[in-house]
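See below for the structure under consideration.
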There are 2 protein chains.
Amino acid sequence: MITKFTFNSQYILSELPLPDREFLENIMVDKKYRKNQPIFTEGTLPSGIFYLQSGKVKKYKMDNDGREQIIYIYNAGEFFGYSSVLSESTYGDTTVSIENSIISFITINDFNKILENSSSFSRLLLKSLSHEFSVLANLMAVLSQRTVRERVALNLLILHDKYKVDNVDITYIMLSRSDLANMTGTVIETLARVLHDFKDDSLISTDGRKIELLNIERLIQIANFY
Amino acid sequence: MITKFTFNSQYILSELPLPDREFLENIMVDKKYRKNQPIFTEGTLPSGIFYLQSGKVKKYKMDNDGREQIIYIYNAGEFFGYSSVLSESTYGDTTVSIENSIISFITINDFNKILENSSSFSRLLLKSLSHEFSVLANLMAVLSQRTVRERVALNLLILHDKYKVDNVDITYIMLSRSDLANMTGTVIETLARVLHDFKDDSLISTDGRKIELLNIERLIQIANFY
DNA sequence: TCTAAAATTTGATTTAAATCAAATTTTACC
DNA sequence: GGTAAAATTTGATTTAAATCAAATTTTAGA
């Protein structure tokens, strides 16, 4: 179920033949980003693509009134910012780090070089973009047809998956209420009320801003996805 | 503005080198579809991809309660159903013809053959998928943040573009109110009210089910895209 | 550690849009 | 052309969620 809503494009690197992978890793230039730093902004032209080594990045659109709609949150191991390069257009949205991150940059030239020389990379990108396309279609239908309560439950599950750490028992979702509301498609106050209800029902617990899911099965039911 | 909301992937064929194009056209198998016929349904596995020679096809998701969210309406000259092939997954949605259509089918084998042999085709698909991805991101933000009135205006403009015929003066949008509501993300009654308001303000006129836009500039303003 | 600012929560009210119901028009098929 | 069914429109009511306002908690930086 959760794969319907996450790109999880880490397989691009892991399934790439070793010489191609080494080429990629050699041309990447790492840069550290502090929390809340923009990586690229809507309307600007791309000069390369990005790979998230560690940390988290949100992709969002800002409307005329300054409201954010978070489209997606990238996790370590995911490429981003490549579709504007491929469609030869300006960025359609803005990306900002939501925690300290290390992000690698690959110039357009190098990107095109590997595209021309590696049919595996092309094929993996086609696969990944196709999956990403279907994730957005799923999110579209959710935004249109599901209640806020259902959407909050779903987004908590998505975030649980994104914040999960291997070999660590407890998962804490560490995201501002503002960002959580903006990815759910609601306002902060409504989000807080739903979270309050979930706490009352022992579905989640909070410690400051951190959220821990206590009853995943029940949240899946509420999200109405099974 | 309208290109933010339409795939318009007709360039895949027109920009394909001639030998590749001829290969494609030779392997396509045409089939006629009557209005309201399904082409593929959500959850099934793909056996090939489709090309819309003439007519129109809607792509939609059905939720647990039987409500439709139309994701996109394909126009003649557009490929569809290829992202499930590329991502090696079941179809994430259903496609149905919304008028009599002629649709060509290309088997997975032939599709993979041309992918392997034509880097131009791969590159054009990457370009198209990237643009389609950005269209869905735009639609997502619209569904989340815009009023129904704004969304109706926007969808009328999108449909005006889709129903436009070269060398013909008047464009009639010929789509059921149910489908129009389902692509706008609202219910039939609300849609009818907004259309009624637009008619009162001489922004549109109707003849039976057909809708003609009378004041495109004003609708663009109402849609809040400029 | 302290504190101002930002974030979050809680309460009350309003609003956009959905739902329910009925009337009217259009369509599809014979 | 006729007609039953489906689609569309119109009216009334309800509801989910936004907005407004104030209280409380957390955060970031000195």
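Within every chain, numbering begins at 1; the chains are lettered A, B, ... in the order of the sequence lines, protein sequences first and strands thereafter.
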*Give the nucleotide from the list dT9(D), dA18(C), dA7(C) with an atom nearest to the side chain of Glu189(B).*
dT9(D)

_Measure CZ/Arg193(A) against P/dG11(C) and give the value in whole Å, please._
9 Å

*asked:* We want to know whether Thr186(A) and Thr184(A) form a side-chain donor-acceptor pair, criterion being a heavy-atom distance below 3.5 angstrom.
replied: no

*asked:* Over all strands shown, is Ile188(B) touching base, sugar-phosphate only, or nothing at heavy-atom distances under 4.0 angstrom?
replied: base

_Short side-chain N/O contact from Thr147(B) to OP1 or OP2 of dA16(C), under 4.0 Å_ = no

*To the side chain of Ser176(B), which of dT8(C), dA18(D), dT8(D) is closest?*
dT8(D)

*Mind grabbing the angle between the end helix axes of the helix from dT1(C)-dA30(D) to dC30(C)-dG1(D)? Five pairs an end, 10° rounding.*
70°

*Nearest-nucleotide wise, let me know which of Arg67(B) and Leu191(A) is further upstream toward the 5' end of DNA chain C.*
Leu191(A)

*Of the nucleotides dA18(C), dA18(D), dT9(D), which has the atom closest to the Val148(A) side chain?*
dA18(D)

_Nucleotide of dT9(D), dT9(C), dA18(C) approaching Arg177(A) most closely (side-chain heavy atoms)_ = dT9(C)

*asked:* What is the distance, to the nearest angstrom, from the CZ atom on Arg209(B) to the P atom on dA28(C)?
replied: 6 Å

*What's the closest nucleotide to the Lys35(A) side chain, out of dT19(C), dT10(C), dA28(D)?*
dA28(D)

*Tell me whether the OP1 or OP2 atom of dA16(D) has a side-chain N or O from Thr190(A) closer than 4.0 Å.*
no

*Going by atom types only, do Glu132(A) and Ser128(A) share a side-chain donor-acceptor pair under 3.5 Å?*
yes

*Does the cation-pi check pass for Lys56(B) over Tyr163(B), that is, NZ or CZ under 6.0 Å from the six-membered ring centre and within 45° of its axis?*
yes

